[in-house]
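Here the structure comes first, spelled out in structure tokens, and everything after it is commentary.
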Amino acid sequence: MPEHERNEEKRQRLRPAPLLFEPSEATADPEHFFDLESIEDPGALLSRATELALAFQAAADRAVEFQAVAAAQLADPRRFDRLTPADVAARAEWTEDYAKKMIEFGRDLLRGADPH
């Protein structure tokens, strides 16, 4: 199987339960969290909480990839207004070393390299 097909298959497996935004009145209650507090059956609670944990993890991983791509684009030497790694770090509230790693990771993603 070609590499890009394996990557797509892997991404599809990492898409568990969709994340839905909670209504603002529900988020005002500090005990409310995606209606988990209303699930009385421990098996159902474990199942739904696991789905949410996986969904949040997949969302966080995807967001980091977008951060890396944006960092690489901002630091692209072909841009007349490119940022230095220090500038990217300041903008994202990262250390400069972390910004350098994220810029490189983003460049790999833009080239289509498998980041994992």
Side-chain angles (χ1 to χ4, degrees):
M1 175 182 294
E3 186 71 25
H4 66 81
E5 286 180 21
R6 275 197 300 272
N7 289 342
E8 184 58 32
E9 184 178 301
K10 187 176 178 182
R11 273 188 205 273
Q12 288 174 353
R13 282 195 315 262
L14 290 177
R15 292 182 194 213
L19 295 176
L20 303 175
F21 292 98
E22 295 188 276
S24 59
E25 60 273 3
T27 58
D29 177 4
E31 295 299 314
H32 184 83
F33 187 73
F34 286 87
D35 211 27
L36 291 178
E37 69 287 343
S38 70
I39 301 174
E40 293 184 19
D41 174 40
L45 178 59
L46 178 62
S47 178
R48 182 63 181 142
T50 300
E51 286 177 349
L52 283 171
L54 292 171
F56 284 124
Q57 183 178 15
D61 291 346
R62 191 75 176 122
V64 168
E65 289 178 355
F66 278 102
Q67 282 182 311
V69 166
Q73 290 172 333
L74 288 169
D76 187 338
R78 296 172 296 185
R79 290 175 58 118
F80 76 93
D81 60 346
R82 72 182 167 274
L83 299 180
T84 66
D87 293 332
V88 172
R91 214 178 230 204
E93 298 181 11
W94 297 333
T95 66
E96 188 172 347
D97 286 341
Y98 186 74
K100 288 176 184 175
K101 290 176 184 176
M102 287 294 279
I103 291 166
E104 190 56 42
F105 177 47
R107 288 177 179 155
D108 288 345
L109 289 171
L110 290 168
R111 281 193 298 267
D114 184 9
H116 305 288

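Computed from a predicted structure; not experimentally measured.
Applying the ring-ring contact (aromatic ring centres under 6.0 Å, His included) test to every pair with at least one member in residues 62-91, sequence neighbours left out, gives no pairs at all. Within the structure, the side-chain hydrogen bond (donor to acceptor under 3.5 Å, both in side chains) test picks out the following pairs touching residues 66-76 (sequence neighbours left out): D76-R78.
Judged by distance alone, with hydrogens and angles left aside, the side-chain atoms of E93 form no donor-acceptor pair with the main-chain N or O of A89 at under 3.5 Å.
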*Going through the checks in order, is the salt bridge (Lys or Arg N to Asp or Glu O under 4.0 Å) test met by E104 and R111?*
CA-CA 11 Å; E104 190 56 42; R111 281 193 298 267; 3.5 Å; yes

*Could you go step by step and tell me if E65 and L109 meet the side chain to side chain contact (heavy atoms under 4.5 Å, CB included) rule?*
CA-CA 8 Å; E65 289 178 355; L109 289 171; 3.8 Å; yes

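Here the OH-CZ distance, from Y98 to F105, works out to 8.5 Å after rounding to the nearest 0.5 Å. Interatomic distance, CG of D87 versus CD of E96, reported as 9.0 Å (0.5 Å rounding).
Contact between R107 and A75 at its shortest, heavy atoms only, is NH2-O, 3.4 Å. The two residues I103 and P85 come nearest to each other via the heavy atoms CD1-CA, 4.0 Å. Between L83 and V88, the shortest heavy-atom contact is CB-CG2, 3.9 Å. Here the closest non-hydrogen pair linking L45 and L36 is CD1-O, 3.5 Å.
The side chain to side chain contact (heavy atoms under 4.5 Å, CB included) search around A92 returns W94, not counting sequence neighbours. When the salt bridge (Lys or Arg N to Asp or Glu O under 4.0 Å) test is applied to D81, the partners found at least two apart in sequence or on another chain are R79. Contacts of L46 classified as side chain to side chain contact (heavy atoms under 4.5 Å, CB included), with partners at least two apart in sequence or in another chain: T50. T95 pairs by the side-chain hydrogen bond (donor to acceptor under 3.5 Å, both in side chains) definition with nothing, not counting sequence neighbours.
Counting only heavy atoms from C-beta outward, the side chains of D35 and R48 never approach each other to under 4.5 Å.
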